[in-house]
Colleague: 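Below you'll find the structure I mean.
Indexing begins at 1, ligand by ligand and atom by atom, following the structure's order. Here, residue 1 is the first one in the sequence, and each next residue gets the next number. Only a predicted model underlies this, so the values are computations on that prediction, with no experimental measurement involved.
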Amino acid sequence: MPFKPRVFSGMQPTGNLHLGNYLGALTRWVEMQSTHECIYCIVDMHALTQGFDPDGLRQATRDVTAAYLAAGLDAKKSIIFNQSQVSAHAELGWVFNCVARLGWLDRMTQFKEKAGKDREAASVGLYAYPTLMAADILVYRATHVPVGEDQKQHLELSRDIAQKFNNDFKKEILAAGFADGIFFPQPDPVITGPATRVMSLRDGTKKMSKSDPSDLSRINLTDDADTIAKKIQKAKTDADGIPSEKKGFEGRAEAENLVGIYAALTDITVESVLKDFGGQQFSAFKKALAEVATDKLGKIGGEAQRLMADPAEIDKVLADGSARARAIAKPVMDHVKDIVGLLRS
Ligand code: TYM
């Protein structure tokens, strides 16, 4: 049975959203609203995996919600909610902890990066993070997951978990009335556009990230025009100017990154940016880039701030989204309980 197309994606409320989150994921989310049924989550339980900060988490959850809305997500069209208000995520996450194999999780590169050298001191939650992420997606039996490049491995794991569940419980799934014996879809990653991996402004070999200690490495959605201009002006480049063809990017990660950002912000191809700016110095290009970045992000930052002035309204959006999400997740979780043998009344 083909699954009904349904989009799910989420972001962690840890610190500010940045240009990578916006170009790698959010812009695609906004587009997909007009073609798909969409569910967008603020994954607050994932944010617990790297330490507790209760007030900061509450604040960041509302901030990220405001940023979603300001960037163009429509709470009427899409379901927007925070993960912890729908308990089925945690319930399915536990079942998936028992489906996934240690060997699969041992291969996760993000755990290795985030745990660093002191693996023994990392939380169990950080290790099991990808099984909860699989539950986030599959508790809605979602078929499409728009994300940046860095989430690819986690999504492959989600597909493996879906497949193993379907195989292990084939008999029970058939008995529950699913004629083809398939309960979970294998969700497709949607990793498209010119900016699926936005790099640090200070080092073109590292991805732009909220955890980079240097604030100059990223543009936050809340940065004002002066800050954006300053960060772009200080962005690392090299002595050569803008190339005229893509092959001129060889060994020049920083140049490629800035041109990719420009293309994504203005919604044109990298080739046309090179046609317009090829042969010019970085100073002129950076001015143009600062202008388009300020124009686009300034509007989002301003709108997010306006929304944040009324936290009760944000909480209402999350309550409404959570109720709608629960209505989809609960029957799926009931089936899972029946399939694996957990009694319910
Ligand atoms: P998170 O919160 O780290 O990032 C949110 C989204 O932003 C994308 N992203 C980037 N894209 C391009 N360039 C960058 N430098 C960059 N940095 C971040 C990420 O790929 C992501 O799409 N595990 C997820 C959250 C999550 C999730 C899910 C996502 C939890 N459950 C279920 C999809 C489906 C994460 O930590 O994203």
Side-chain angles (χ1 to χ4, degrees), residues 6-30 32 38-50 57 60-61 63-64 67-68 71 73 81-84 86 89-90 92-93 96 108-111 113-114 125-126 128-159 161-162 187-212 217-221 253 256-257 260-261 264-265 325 329:
R6 181 180 279 156
V7 169
F8 180 93
S9 200
M11 292 199 190
Q12 290 198 63
T14 40
N16 282 321
L17 295 192
H18 54 69
L19 191 63
N21 301 129
Y22 176 66
L23 295 178
L26 252 179
T27 50
R28 198 96 325 94
W29 298 9
V30 173
M32 291 186 96
C38 297
I39 306 175
Y40 296 125
C41 189
I42 296 99
V43 291
D44 51 2
M45 294 198 299
H46 277 101
L48 300 177
T49 57
Q50 284 189 281
L57 179 55
T61 301
D63 282 345
V64 172
Y68 279 12
L73 294 188
F81 75 108
N82 58 314
Q83 183 188 28
S84 60
V86 182
H89 289 244
L92 186 59
F96 285 171
M108 294 295 114
T109 54
Q110 280 217 347
F111 173 75
E113 277 164 26
K114 287 188 176 169
L126 186 65
Y129 182 114
T131 55
L132 181 59
M133 177 161 162
D136 297 338
I137 300 163
L138 293 170
V139 83
Y140 302 99
R141 301 167 99 204
T143 53
H144 295 81
V145 187
V147 284
E149 174 83 37
D150 61 339
Q151 296 301 315
K152 202 169 169 199
Q153 194 186 34
H154 287 158
L155 285 174
E156 276 158 14
L157 187 92
S158 300
R159 293 169 65 89
I161 289 176
D188 283 325
V190 181
I191 303 175
T192 51
T196 55
R197 191 170 171 80
V198 177
M199 309 309 281
S200 155
L201 298 180
R202 308 298 296 163
D203 176 353
T205 64
K206 286 203 309 206
K207 83 173 180 189
M208 186 176 285
S209 144
K210 349 183 186 200
S211 55
D212 193 310
S217 70
R218 65 187 156 259
I219 294 175
N220 303 306
L221 292 195
E256 185 170 15
N257 188 40
I261 292 174
L265 281 171

Colleague: Less than 4.0 angstrom from a charged side-chain N to a carboxylate O is my criterion; do Lys206 and Asp212 meet it?
Modeller: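 Salt bridge: yes.
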Colleague: Holding to side-chain hydrogen bond (donor to acceptor under 3.5 Å, both in side chains), I want the full list of residues that pass it with Ser211, two or more places apart in sequence or in another chain.
Modeller: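 For Ser211, the residues satisfying side-chain hydrogen bond (donor to acceptor under 3.5 Å, both in side chains) (neighbours in sequence not counted) are Ser209.
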Colleague: Taking non-hydrogen atoms within less than 4.0 Å of ligand 1, which protein residues qualify?
Modeller: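 Those residues closer than 4.0 Å to ligand 1 by some heavy atom are Phe8, Ser9, Gly10, Met11, Gln12, His18, Gly20, Asn21, Gly24, Ala25, Val43, His46, Tyr129, Met133, Asp136, Ile137, Val145, Val147, Gly148, Asp150, Gln151, Ala195, Thr196, Arg197, Val198, Met208, Lys210.
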Colleague: Determine whether the side chains of Gln153 and Thr109 contain a donor N or O and an acceptor N or O closer than 3.5 Å.
Modeller: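 Thr109 and Gln153 do have a side-chain donor-acceptor pair below 3.5 Å.
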Colleague: Restricting to side chain to side chain contact (heavy atoms under 4.5 Å, CB included), what partner residues turn up for Asp150, sequence neighbours left out?
Modeller: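 Partners of Asp150 by the side chain to side chain contact (heavy atoms under 4.5 Å, CB included) criterion, ordered by chain and then number, come out as Gln110, Arg197, Lys207.
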Colleague: Return the set of residues passing side chain to side chain contact (heavy atoms under 4.5 Å, CB included) with Asp63 (not counting sequence neighbours), or none when no residue passes.
Modeller: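 Per chain and number, Asp63 pairs via side chain to side chain contact (heavy atoms under 4.5 Å, CB included) with Gln59, Met308.
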Colleague: Could you check whether the rings of Trp29 and Tyr40 sit parallel, tilted or perpendicular, using 30° and 60° as the cut-offs?
Modeller: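 The arrangement is parallel - the two ring planes meet at less than 30°.
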